[in-house]
*Asks:* 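What follows is a single structure, and I will ask about it in a moment.
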Amino acid sequence: MRIKLDASQPFDLEATLCCGQAFRWEKQDDWWKGVVANKILKIRQKGAELQFENVGSDFVKAYFGLNDDLVSIYAQINKDRQIGQAIQKFDGLRILRQDPWECLVSYICATYKNIPAIKRMLQNLAQRFGEKISFDNQGYYAFPTPERLAEASITDLKKCSLGYRVHYVQQAAKKVNENESEFAQIRNLTYEKAKAKLLGFSGVGLKVADCILLFSMGKLEAFPVDRWIDRVILRYYSNHFSQEFVSKISRKQSSLSKAEYERLSAFGRNYFGKYAGYAQEYLYHYERSCQ
DNA sequence: AGCTTACCTTGTGC
DNA sequence: AGCACAAGGTAAG
């Protein structure tokens with residue numbers, strides 16, 4: 001199937017899948033392959049045309065955020081030179097609408113890990129507990145269901161290199177499995193209420209909650225602050241904070257306190273507005289790409 | 001009430 | 001070899 005992209009609606013498949021928001025996409029030749037909704041989605045971009053197999057157009061549009069009015073979003077978040085450069089470099093990067101359950105587990109696992117290690121953990125979980133799906137003579141694995149992970153033993157979960165995160169993942173699986181519809185409803189709440197619900201999961205703090213809200217629940221105002229964004233704010237936006245706060249944050253070795261996190265994240269939401277999450281993702285990807 | 005500290009595991013890169 | 005560090009969270013004090 002194909003989608004012709006509107007010239008007024010930029011899209012960059014590569015940037016969207018490489019910016020670190022999703023962990024289970026692989027590129028083979030010029031095709032991207034990922035497991036979404038228990039199906040293999042195979043997709044590539046040729047200029048303004050998207051070519052894909054195995055799923056419908058509506059699904060592709062929803063998953064890749066093609067319904068977001070990116071031109072309008074740019075107009076609202078393009079506030080300064082730094083974000084302007086990031087937008088220019090990654091023009092067409094979009095926020096995905098991932099599966100909330102997979103996103104929950106992904107970002108519980110993401111604490112204190114780099115992206116390659118996160119990918120490996122999730123791949124381990126899928127191989128060990130996910131349903132096998134064959135496609136193009138290759139074996140893929142669906143992301144494990146809450147039910148399947150809820151019944152997995154700590155011993156088996158540990159074999160996936162989750163480390164201390166095994167207990168968080170197991171508890172999350174049990175909680176979601178006990179009431180799947182309640183979990184599914186979280187995305188329909190406001191940003192604040194949805195965040196409060198997510199914080200009820202052990203292993204989910206402010207940062208992880210913001211990632212889940214942004215990457216799977218369409219809460220585009222969420223502004224996750226990780227080490228990279230922390231660095232970006234200190235480098236380019238420190239004039240928005242007091243001298244004391246800046247020097248305190250820049251001296252920190254350990255993680256941010258709740259209050260410090262909220263101050264940085266609230267800055268992002270206030271400064272960039274209701275699409276702050278888009279700004280975050282551009283700044284994050286740009287900062288990492290300049291390493 | 002809000003902050004600091006220790007601890008939670010594993011892998012990678014210098 | 002040894003160490004720092006990686007899209008952090010929790011519980012104790």
Side-chain angles (χ1 to χ4, degrees), chain A residues 15-25 86 90 93 95-96 98 100 102-125 128 154-172 175 195-217 219 222-235 244-245 247-266 268 276-291:
Chain A
T16 298
L17 293 178
C18 290
C19 68
Q21 58 178 320
F23 304 103
R24 289 205 340 117
W25 283 90
F90 297 114
L93 186 163
I95 302 292
L96 298 171
Q98 300 183 53
E102 178 170 344
C103 201
L104 170 66
V105 176
S106 299
Y107 283 92
I108 284 176
C109 290
T111 68
Y112 222 94
K113 282 286 185 188
N114 52 28
I115 290 174
I118 300 165
K119 289 184 175 177
R120 217 160 294 121
M121 288 189 281
L122 297 174
Q123 183 59 20
N124 290 341
L125 279 174
R128 188 172 288 270
I154 292 293
T155 311
D156 286 341
L157 286 171
K158 280 207 168 176
K159 293 174 185 166
C160 300
S161 311
L162 299 187
Y164 63 86
R165 303 162 194 80
V166 287
H167 299 282
Y168 300 151
V169 169
Q170 191 190 52
Q171 285 177 43
K175 188 165 172 175
K195 191 168 181 175
K197 283 276 187 190
L198 290 174
L199 291 174
F201 286 86
S202 56
V204 177
L206 296 172
K207 191 270 173 180
V208 170
D210 274 330
C211 287
I212 298 165
L213 291 165
L214 178 59
F215 300 136
S216 72
M217 298 186 176
K219 303 301 180 194
F223 193 85
V225 179
D226 71 329
R227 294 173 142 78
W228 293 91
I229 291 298
D230 186 359
R231 234 170 282 172
V232 167
I233 293 177
L234 288 176
R235 268 186 207 162
E244 297 91 313
F245 185 71
S247 58
K248 185 177 166 193
I249 297 295
S250 51
R251 277 198 308 267
K252 280 196 83 100
Q253 309 278 326
S254 56
S255 52
L256 300 168
S257 72
K258 262 190 167 183
E260 289 161 346
Y261 179 94
E262 275 307 340
R263 200 160 157 185
L264 294 171
S265 184
Y278 261 99
Q280 189 272 4
E281 204 52 19
Y282 279 87
L283 291 170
Y284 174 81
H285 194 38
Y286 188 68
E287 185 71 11
R288 289 176 55 99
S289 74
C290 295
Q291 264 292 89

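All values derive from a computational prediction rather than experimental measurement. Throughout, protein chains are lettered first and strands after them, A, B, ... in sequence-line order, and every chain is numbered starting at 1.
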*Asks:* Could you check how far NZ of Lys113(A) sits from P of dA6(C), rounded to whole Å?
*Replies:*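 Checked: the NZ to P distance equals 13 Å.
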*Asks:* Any chance you could encode DNA chain B as dot-bracket? Rule is Watson-Crick or G-U wobble with both distances under 3.5 Å; [ ] for pairs crossing earlier ones, | for another strand.
*Replies:* ..||||||.|||||
*Asks:* Contact class for Gly20(A) (heavy atom, under 4.0 Å): base, sugar-phosphate, or nothing?
*Replies:* base
*Asks:* Applying a 4.0 Å non-hydrogen cut-off, can you work out what Glu281(A) is touching in the nucleic acid: base, sugar-phosphate, or nothing?
*Replies:*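 Base contact.
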*Asks:* CG of Asn114(A) versus P of dT9(B): gap in Å, rounded?
*Replies:* 19 Å
*Asks:* Any chance NZ of Lys175(A) has more than 12 other-residue heavy atoms, nucleotides or ligands included, within less than 6.0 Å?
*Replies:*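 Check passes, neighbour count above 12.
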*Asks:* At a heavy-atom distance below 4.0 Å, what parts of residues 207-217 of chain A sit against DNA chain C?
*Replies:* Lys207(A), Val208(A), Phe215(A)
*Asks:* May I have the distance from Trp228(A) (atom CH2) to dG8(C) (atom C1'), rounded to whole angstrom?
*Replies:* 16 Å
*Asks:* Report yes if the side chains of Leu157(A) and Arg128(A) come closer than 4.5 Å at any heavy-atom pair, otherwise no.
*Replies:* no
*Asks:* Quick one: Arg120(A) CZ to dT9(B) C1', roughly how many Å, whole number?
*Replies:*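 Interatomic distance, CZ of Arg120(A) to C1' of dT9(B): 15 Å.
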*Asks:* Starting at atom NZ of Lys119(A), determine the distance to atom C1' of dT10(B), rounded to an integer number of angstrom.
*Replies:* 18 Å
*Asks:* Salt bridge between Lys207(A) and Asp226(A), side-chain N to carboxylate O under 4.0 Å?
*Replies:* no
*Asks:* With the side chain of Tyr168(A) defined as its heavy atoms from C-beta on, choose the nearest nucleotide among dA7(C), dT4(B), dG9(C).
*Replies:*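 Given the options dA7(C), dT4(B), dG9(C), the side chain of Tyr168(A) is closest to dG9(C).
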*Asks:* Between dT10(B), dG2(B), dA7(C), which nucleotide has the shortest distance from any of its atoms to the side chain of Ser161(A)?
*Replies:*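 Taking heavy atoms from C-beta onward, the closest nucleotide is dT10(B).
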*Asks:* Think Arg227(A) forms a cation-pi with Tyr112(A), using NZ or CZ under 6.0 Å from the six-ring centre and within 45 degrees of its axis?
*Replies:*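 Yes - Arg227(A) lies over the ring of Tyr112(A), closer than 6.0 Å to its centre and within 45° of its axis.
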*Asks:* Judged by each residue's nearest nucleotide on DNA chain C, which is more toward the 5′ side, Pro116(A) or Ser202(A)?
*Replies:*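 On the 5' side of the pair lies Pro116(A).
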*Asks:* May I have the distance from Lys159(A) (atom NZ) to dT10(B) (atom P), rounded to whole angstrom?
*Replies:*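 Rounded to the whole Å, the gap is 14 Å.
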*Asks:* Answer with base, sugar-phosphate or nothing: what part of the nucleic acid does Ala110(A) contact at a heavy-atom distance below 4.0 Å?
*Replies:* sugar-phosphate
*Asks:* Classify the side chain of Tyr164(A) and the base of dG8(C) as holding, or not holding, a donor-acceptor pair under 3.5 Å.
*Replies:*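 Checked by distance alone, the answer is yes.
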*Asks:* Look at the side chain of Ser255(A) and decide which nucleotide, out of dT4(B), dA7(C), dG8(C), has an atom nearest to it.
*Replies:*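 Among the listed nucleotides, the one closest to the side chain of Ser255(A) is dG8(C).
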*Asks:* What's the gap between dA6(C) and dT9(B) when it is taken at their C1' atoms, as a whole Å value?
*Replies:* 12 Å
*Asks:* Whether Arg231(A) contacts dA6(C) is assessed here as follows: a side-chain N or O lying under 4.0 Å from the phosphate OP1 or OP2. Is that the case?
*Replies:* yes
*Asks:* Hey, does the side chain of Arg227(A) come within less than 4.0 Å of dA6(C)'s phosphate (OP1/OP2), counting only N and O?
*Replies:* yes
*Asks:* Are the side chains of Ile108(A) and Val105(A) in touch, meaning some heavy atoms are under 4.5 Å apart?
*Replies:*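 Not touching, per the 4.5 Å side-chain cut-off.
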*Asks:* Would you call Pro224(A) and Ile229(A) a side-chain contact if the rule is heavy atoms closer than 4.5 Å?
*Replies:* no
*Asks:* If you go through the side-chain atoms of Lys158(A), does one of them form a donor-acceptor pair with the base of dT9(B) closer than 3.5 Å?
*Replies:*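 By the distance-only test, no, there is no pair.
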*Asks:* Remember a base hit wins even if backbone is also touched, and classify Val225(A) as base, sugar-phosphate or nothing at under 4.0 Å, heavy atoms.
*Replies:*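 Since no nucleic acid heavy atom lies under 4.0 Å of Val225(A), the category is nothing.
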*Asks:* Only counting residues at least two apart or in another chain, list the ones meeting ring pair (Phe, Tyr, Trp, His ring centres under 6.0 Å) with Phe245(A).
*Replies:* Phe241(A)
*Asks:* In whole angstrom, give me the gap between the C1' atoms of dT10(C) and dG2(B).
*Replies:* 15 Å
*Asks:* Check whether any side-chain heavy atom of Tyr107(A) lies under 4.5 Å from a side-chain heavy atom of Phe23(A), and answer yes or no.
*Replies:*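 Touching, per the 4.5 Å side-chain cut-off.
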*Asks:* Rounded to whole Å, how long is the line connecting atom OH of Tyr112(A) with atom C1' of dA4(C)?
*Replies:*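 It works out to 8 Å between those atoms.
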*Asks:* What class does the angle between the rings of His285(A) and Phe90(A) fall in, given that below 30° is parallel, 30 to 60° is tilted and above 60° is perpendicular?
*Replies:*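 Judged by the thresholds at 30° and 60°, the geometry between His285(A) and Phe90(A) is tilted.
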*Asks:* Is Arg165(A) close to Lys113(A) at the side-chain level, that is, under 4.5 Å between some pair of heavy atoms?
*Replies:*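 The answer is yes, as the side chains (C-beta and beyond) meet within the 4.5 Å cut-off.
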*Asks:* dA6(C) P sits how many Å from Arg288(A) CZ, rounded?
*Replies:*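 That distance rounds to 10 Å.
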*Asks:* Are the ring of Tyr284(A) and the base ring of dA7(C) both nearer than 5.5 Å at their centres and tilted by less than 30°?
*Replies:* yes
*Asks:* Quick one: is Arg165(A) getting a side-chain N or O under 4.0 Å of the dT10(B) phosphate, OP1 or OP2?
*Replies:* no
*Asks:* Choosing from dG11(B), dA7(C), dG8(C), which nucleotide comes nearest the side chain of Thr111(A)?
*Replies:*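 So the side chain of Thr111(A) is nearest to dG8(C).
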*Asks:* Quick one: is Ser257(A) getting a side-chain N or O under 4.0 Å of the dT4(B) phosphate, OP1 or OP2?
*Replies:* no
*Asks:* For a side-chain contact (heavy atoms from CB on, under 4.5 Å) with Glu281(A), tell me which candidate from Leu96(A), Leu93(A), Thr16(A) qualifies.
*Replies:*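 Of Leu96(A), Leu93(A), Thr16(A), side-chain contact (heavy atoms from CB on, under 4.5 Å) with Glu281(A) is met by Leu93(A) alone.
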*Asks:* Measure the OG-CD distance between Ser161(A) and Gln123(A) for me, rounded to the nearest 0.5 Å.
*Replies:* 12.0 Å
*Asks:* Identify whether any heavy atom of Cys19(A) sits under 4.0 Å from a base atom; if not, whether one sits that close to sugar-phosphate; answer base, sugar-phosphate or nothing.
*Replies:* base
*Asks:* Taking any heavy-atom pair under 4.0 Å as a contact, classify Leu206(A): base, sugar-phosphate, or nothing.
*Replies:* sugar-phosphate
